[in-house]
**Student:** 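Quick one: the structure is below, and I'll ask about it shortly.
Start at 1 and go down the list; that is how both ligands and their atoms are numbered. Sequence positions, counted from 1, serve as the residue numbers for this chain. Heavy atoms only: backbone and side chains are in, while hydrogens, waters and symmetry mates are out. All values derive from a computational prediction rather than experimental measurement.
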Amino acid sequence: MIPIAKPYLTEDEAQAAYDTILTGWITQGPKVQEFEEKFAAYTGAKYAVAVSNCTTALHLSMIVSGIKEGDEVICPSMSYIATANAIKYVGATPVFAEVQRNTYNLDPVDCQKRITAKTKAILVVHQMGMPADVDAFKSLCDLYNLKLIEDAACAVGSAYKGKKIGSHSELVCFSFHPRKVISTGDGGMITTNREDYYERLKLLRQHGMSVNDRVRHEAKKIIFEDHVEVGYNYRMTDIQAAIGIKQLEKLDWLVAERRRITSIYNNAFKHLDFIQLPIEREGYFSNYQSYAVYLKKACMVDRNTIMQKLLDNSIASSS
Ligand SMILES: Cc1ncc(COP(=O)(O)O)c(C=O)c1O
């Protein structure tokens, strides 16, 4: 059976988890901090904040962006449900815009048509690892005074105009679910270049506590924390972070492998005129989290028949 995805985990990750467990510090602590620093350095962002998954990363990004009830946020009509749910969590309304046929990413032209007086943000998704045109959305956000949030759940290791995804805008959210290129079981990360966002995100992910567990634990004098606003328990554990550090070391190699396999598929399918192969334009660098094909009108069988045929041949696929 060829599964839809299989995380690449080895003895390295198992050893890192084992070693962390034996330190006795297993929730958010030094390993999370190390993972954050290494992730920020990898993406080229100033700061990174680790959280429990990408859905919680998106939720916190909505909060720090000031999105609230009555606001509208434009997002792609084709994405995973968590994209729209994050908008609903803060009481705002997801406004769905079309995606482009060639990249499956949000269409800036259709997006602009859907901007109203209530629009507060654009939530752009890097679909299946293929970067969206971040500059086009930045320009729109500048023009209409909107916030830009990137749902980069699938895009760790991808790059846009020569810079890694994670470095281009104020809030970029990643996932480390096993379907992604690197995994910590579950897990997420937010990168930002804004110090105020960085501080608030750290507060919000840990119950709004003014002093974190580690500082309290290491203090030589008693400390009492305040809970300065309504926060959440969206922490990543040190066990997950230890695995994440090892995964990050392999990320560029994993992406290279995926790209090598993609070119094998591209070569094998290039003569089939009824499917459109993935399109990677100049300046766009995909991690190929998924290999997606578009069935053209000329295709004589429908999608579900093809998916069933693949499954009959022990190959999982997803729509
Ligand atoms: C585009 C997109 N956004 C958000 C998520 C949610 O990520 P997580 O499972 O880490 O919460 C996913 C997960 O598949 C996704 O594909």
**Student:** Looking at Arg194 and Glu199, does any basic side-chain N land under 4.0 Å from a carboxylate oxygen?
**Tutor:**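 Answer for the salt bridge query: no.
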**Student:** Which residue pairs satisfy the salt bridge (charged side-chain N to carboxylate O under 4.0 Å, His left out) criterion with at least one member in residues 39-53, sequence neighbours excluded?
**Tutor:**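 Residue pairs passing salt bridge (charged side-chain N to carboxylate O under 4.0 Å, His left out), neighbours aside: none found.
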**Student:** Please list every donor-acceptor pair under 3.5 Å in which a side-chain atom of residues 61-70 meets a protein atom from a residue at least two apart or in another chain.
**Tutor:**
residue: Ser61; atom: OG; partner: Ala57; partner atom: O; Å: 2.8
residue: Ser65; atom: OG; partner: Ser61; partner atom: O; Å: 2.7

**Student:** For a quick check under 3.5 Å, do His168 and Glu150 share a side-chain donor-acceptor pair by atom type?
**Tutor:**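 Result is no, nothing qualifies.
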**Student:** Which residues end up grouped with Tyr104 if you chain together Ile, Leu, Val, Met, Phe, Trp and Tyr wherever their side-chain heavy atoms are less than 4.5 Å apart?
**Tutor:**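 Tyr104 clusters with Met78, Val99, Met128, Tyr294.
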**Student:** Every pair of nitrogen or oxygen atoms between ligand 1 and the protein that is under 3.5 angstrom apart - can you list them with their distances to 0.1 Å?
**Tutor:**
residue: ligand 1; atom: 3 (N); partner: Asp151; partner atom: OD1; Å: 3.1
residue: ligand 1; atom: 3 (N); partner: Asp151; partner atom: OD2; Å: 2.7
residue: ligand 1; atom: 10 (O); partner: Cys54; partner atom: N; Å: 2.9
residue: ligand 1; atom: 10 (O); partner: Ser175; partner atom: OG; Å: 2.7
residue: ligand 1; atom: 11 (O); partner: Asn53; partner atom: OD1; Å: 3.4
residue: ligand 1; atom: 11 (O); partner: Cys54; partner atom: N; Å: 3.3
residue: ligand 1; atom: 11 (O); partner: Thr55; partner atom: N; Å: 2.9
residue: ligand 1; atom: 11 (O); partner: Thr55; partner atom: OG1; Å: 2.5
residue: ligand 1; atom: 14 (O); partner: Lys180; partner atom: NZ; Å: 2.7

**Student:** Heavy atoms, side chains only, cut-off 4.5 Å: are Tyr160 and Asp135 in contact?
**Tutor:**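 Side-chain contact under 4.5 Å: yes.
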